[in-house]
Asker: 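Below are the structure tokens for one structure; questions will follow.
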Amino acid sequence: MTDVSYDRTLADGVKPPEKHEEAPPAAPLTAADGTPLKKKLAITMRRARMRAFLLTAPLLVFLMVFFVVPIGQMLFLSVHNPTFADAMPRTTEALAEWDGSEIPGEDIFALLVEDMREARADRTIGRVATRMNYEVPGTRSLFTSTGRKAARLEPPFKEALIDADEDWGSLEVWAAMKRVSSTMTGSFYLAALDRQVNVDGEIVMQDENRQIYVPLFWRTFWMSALITVLCMLLAYPVAYLLSTLPLKYSNLLMILVLLPFWTSLLVRTTSWIAMLQTQGVINDLMVFFRIIGDDNRIQMMFNQTGTIIAMTHILLPFMILPLYSVMKTIPPSYMRAARSLGATPLTAFIRVYFPQTLPGIAAGTLLVFILAVGYYITPALVGGQSGQLISNLIAFHMQRSLNWSLAAALGGLLLAAILILYWLYNKLVGIEKLKFG
Amino acid sequence: MAEAEQASDPFVIFKDVQKSYDGETLVVKNLNLEISKGEFVTMLGPSGSGKTTTLMMLAGFETATHGDILLDGNPINNVPPHKRGIGMVFQNYALFPHMTVEENLSFPLEVRRMTKAETRKRVEKALAMVELSGFGKRMPAQLSGGQQQRVAVARALVFEPDLVLMDEPLGALDKQLREQMQYEIKHIHENLGVTVVYVTHDQSEALTMSDRIAVFNDGIIQQLSTPDDLYERPENSFVAQFIGENNKLNGKVKNVSNGSCRVELTSGDMVDALAVNIPGTDGRTTLSIRPERVEINPPVEEVPNQLDGRIEELIYLGDHVRTRLSVAGNSEFIVKVPNKAGHVLLKEGEQAKVGWRTEDCRALDPVAIN
């Protein structure tokens with residue numbers, strides 16, 4: 001073969017850069033009826049584009065209404081809280097002017113009392129108290145009790161208030177009130193990271209024993225990572241079998257893999273409870289075979305172990321399927337080629353087979369990790385105290401404490417973490433290489 | 001390479017090898033085959049004839065159900081593939097897609113723990129051999145089919161094996177490239193002197209490249225001979241039909257003498273033929289005559305066997321006219337009429353005499369004519 005024909009074969013795949021020669025600017029091409037060709041093309045394409053858009057419009061609307069808007073609203077809620085500003089408009093206005101260097105004067109105290117009387121009449125004082133309490137724990141009663149007394153207070157209000165509760169003379173309370181009075185706030189994100197603003201306006205960590213969310217975030221991440229690794233170790237051989245067994249066996253195996261998908265999540269989780277609890281099947285069997293004594297049965301449920309076991313089982317198909325879809329496309333001739341070239345089965349696996357399954361591993365781990373990080377039901381049912389994840393706390397703030405802004409901030413942090421992870425993946429693996437199936 | 005050994009000791013020996021996948025049918029039935037060092041042997045046959053299975057047994061990816069396979073005098077039935085030191089080119093090349101061309105080529109050297117310098121030298125040499133120097137940094141997907149094929153050949157040879165197996169390596173290429181690659185592989189074989197066992201279902205590929213061809217059908221080697229022998233002296237009807245074009249006429253053997261026989265065709269005509277593979281007097285037989293050995297309206301004194309025929313179809317092919325006739329009840333009787341100076345023009349629907357020499361007509365085992 002000569003060099004010329006190489007160039008020709010090369011041209012099929014990669015085109016050599018075309019030479020740009022200085023050509024005189026040609027007149028724009030026109031269609032037969034005289035309209036410029038570009039315009040004509042645009043007109044003819046418009047109909048097709050409109051039709052394509054209309055076909056996808058229902059889905060777009062659905063996504064907007066039920067996905068983008070609620071999430072956007074939730075994220076907005078995490079930085080936007082008008083409770084204080086709505087209930088106490090005069091104080092809010094006055095505090096905006098206040099420089100925060102010392103306890104405000106009589107005028108602001110007078111406005112505060114006026115706002116409090118109104119808020120008590122409107123029954124919004126409780127919400128204000130709760131909001132303040134998020135900021136400075138223990139201030140709820142300051143507001144509720146002062147609110148009750150507000151009607152009977154006489155000027156000068158500054159002394160009267162400090163008389164009623166000496167906390168009104170605390171700069172910390174007033175600084176917090178100023179922060180709370182602004183409708184846009186980062187304080188929920190600070191709270192979600194176990195941080196707060198101190199008297200001097202600096203961001204500091206909470207006391208060690210009052211930190212809740214950061215340890216929980218760490219626990220969520222390491223448990224999710226562990227579950228992902230366990231899923232991968234278990235899924236890899238199963239996916240390999242699925243992709244190499246003859247059809248009649250692999251179909252059966254595929255049904256077994258998919259069976260969990262067809263079973264209710266609750267059923268699956270409760271059956272793990274039946275298996276793993278202290279009076280459960282596994283403990284009973286181990287006691288029966290004298291592996292452990294009856295008085296020291298192993299606690300495998302309602303703790304981290306329970307969460308990890310149950311979630312690994314539930315998320316396993318999400319690892320198997322992407323792996324399977326990648327392995328299915330790897331013909332056995334690669335391994336054979338490696339063997340015939342002198343590689344031992346192990347070398348052939350490590351150097352030839354495994355690298356080709358990386359897109360599947362990447363897709364599977366990403367999928368499982370993201371699902372695990374946000375998992376709620378299973379840890380809620382089997383997690384006990386030590387097996388709770390961050391999503392359980394988000395649910396708590398949504399349903400019990402009704403601190404939606406904090407729930408939204410926690411959710412926002414989770415979302416940000418996942419986006420960062422996704423970005424990292426794109427850097428390391430390349431998103432276009434992911435294969436979900 | 002020791003030339004003296006070549007004649008005496010076969011390099012590869014299949015001894016009574018049988019292979020069954022399901023325990024019910026034999027895919028390879030009692031295979032006996034000897035291949036000398038430096039030989040280019042092709043296993044040719046239709047799909048399902050057992051040729052690929054035989055190759056896989058030699059490579060070590062399938063185990064023989066019965067019998068021995070010897071490589072250089074040593075039985076290799078229990079030697080795993082990576083210890084056999086046999087190079088192999090696969091049907092779809094099986095170039096590792098996540099490695100560059102260079103990495104693909106150094107793979108067999110690295111697993112043999114060769115030094116970096118030696119590896120680089122060998123890789124460069126192998127690339128030069130297939131005229132792909134400078135392509136080392138490319139990924140296989142960036143190469144054309146023909147280039148991938150070359151890399152696959154280079155990879156199978158880079159660790160200097162004595163035996164190279166090729167499993168329909170040119171199947172994925174277009175016709176022109178395939179023919180070009182046939183010559184290249186043949187030249188590489190001649191230059192390196194390695195032993196090649198080649199599997200294909202393409203007879204022209206087999207005829208072009210091989211020293212010897214083993215024609216497989218139904219798990220049995222039907223004939224093992226040189227390309228010209230195979231074409232000109234097929235030993236049974238399958239080989240006659242599989243290699244090249246062939247005219248078949250059925251009949252009954254009337255008498256046998258001196259290696260030739262007299263056959264009464266189903267139409268009642270009597271012809272003479274070489275007795276190659278016949279059951280004996282009164283047995284049924286199928287005559288095989290190559291289209292280019294048949295003459296139309298031949299001189300009687302030179303061509304003893306003459307039959308009446310009717311011209312059904314003429315296809316003009318430039319250097320010859322492909323003529324289809326009805327002869328002795330066979331309407332698929334093909335004659336290649338050379339387009340030489342002064343040849344008589346034929347017309348469809350005309351009657352014509354067809355004739356051939358006795359030595360060009362071989363009486364073989366009977367098969368149905370469809």
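Here is the naming used below: chain letters follow the sequence lines, and residue numbers restart at 1 for every chain. Since the model is a prediction, treat every value here as computed from it, not as a measurement.
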Asker: For B:R120, does the CZ atom have more than 12 heavy-atom neighbours from other residues, nucleotides or ligands under 6.0 Å away?
Answerer: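 Not buried by this count: 12 neighbours or fewer within 6.0 Å.
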Asker: Heavy-atom cut-off 4.5 Å, strictly under: side chain, backbone, both or neither for B:E110 against chain A?
Answerer: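 It is the side chain, since no backbone atom gets that close.
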Asker: Looking at A:W222, I want to see if its CH2 is surrounded by more than 12 non-hydrogen atoms of other residues, nucleotides or ligands under 6.0 Å.
Answerer: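 Yes, CH2 of A:W222 has more than 12 neighbouring heavy atoms, counting only those of other groups under 6.0 Å.
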Asker: Does B:Y183, at its OH atom, have more than 12 non-hydrogen atoms belonging to other residues, nucleotides or ligands within less than 6.0 Å?
Answerer: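 Not more than 12 within 6.0 Å, no.
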Asker: Hey, could you give me the OG/NE2 distance between A:S340 and B:H82, rounded to the nearest 0.5 Å?
Answerer: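 It is 12.0 Å, given to the nearest 0.5 Å.
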Asker: State the CG-CG distance between B:L105 and A:L341, to the nearest 0.5 angstrom.
Answerer: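 Spacing of CG (B:L105) from CG (A:L341) equals 9.5 Å.
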Asker: With only heavy atoms counted, which part of B:R84 is less than 4.5 Å from chain A, the side chain, the backbone, both or neither?
Answerer: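 Neither part, no heavy atoms under 4.5 Å.
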Asker: Can you confirm whether B:M99 sits close enough to A:R351 that some side-chain heavy atom of one is under 4.5 Å from a side-chain heavy atom of the other?
Answerer: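 They are in contact (side-chain heavy atoms under 4.5 Å apart), so the answer is yes.
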Asker: Picking from A:A348, A:A343, A:P345, A:P332, which has the most non-hydrogen pairs under 4.5 angstrom with chain B?
Answerer: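 Answer, by heavy-atom pair count under 4.5 Å with chain B: A:A343.
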Asker: In Å, rounded to the nearest 0.5 Å, how long is the span from CD1 of B:I86 to CZ of A:R339?
Answerer: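 So the gap between those two atoms works out to 12.5 Å.
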Asker: Give me the contact list for residues 43-62 of chain B versus chain A, heavy atoms only, anything under 4.5 Å, ordered by residue number.
Answerer: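 Within residues 43-62 of chain B, the residues under 4.5 Å from chain A are B:M56, B:F61, B:E62.
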Asker: Kindly compute the distance separating OH (A:Y353) from NE2 (B:H98), expressed to the nearest 0.5 Å.
Answerer: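 Answer rounded to 0.5 Å: 12.5 Å.
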Asker: Taking CZ in A:F261 as the centre, count heavy atoms belonging to other residues, nucleotides or ligands within less than 6.0 Å. Is the count above 12?
Answerer: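 For A:F261, atom CZ is crowded (more than 12 foreign heavy atoms under 6.0 Å).
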Asker: As an exercise: rank B:P108, B:G146, B:G85 by heavy-atom pairs under 4.5 Å with chain A and give me the winner.
Answerer: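 Looking at each of B:P108, B:G146, B:G85 in turn, B:P108 comes out on top.
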Asker: Can you tell which part of B:L95 gets under 4.5 Å to a heavy atom of chain A, answering side chain, backbone, both or neither?
Answerer: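 Backbone only.
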Asker: With chain A, which of B:K83, B:Q91, B:R155, B:M88 has the greatest number of heavy-atom pairs at distances under 4.5 Å?
Answerer: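 Top count of heavy-atom pairs under 4.5 Å with chain A: B:R155.
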Asker: Could you tell me whether the side chain of B:P97 reaches within less than 4.5 Å of the side chain of A:Q356, counting heavy atoms only?
Answerer: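 In short, these two side chains touch, coming nearer than 4.5 Å.
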Asker: Do B:F96 and A:P355 have side chains that approach each other closer than 4.5 Å (heavy atoms only, starting at C-beta)?
Answerer: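 No - every pair of side-chain heavy atoms lies 4.5 Å or more apart.
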Asker: Evaluate whether atom NZ of B:K15 has more than 12 neighbouring non-hydrogen atoms of other residues, nucleotides or ligands under 6.0 angstrom away.
Answerer: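 No, not enclosed.
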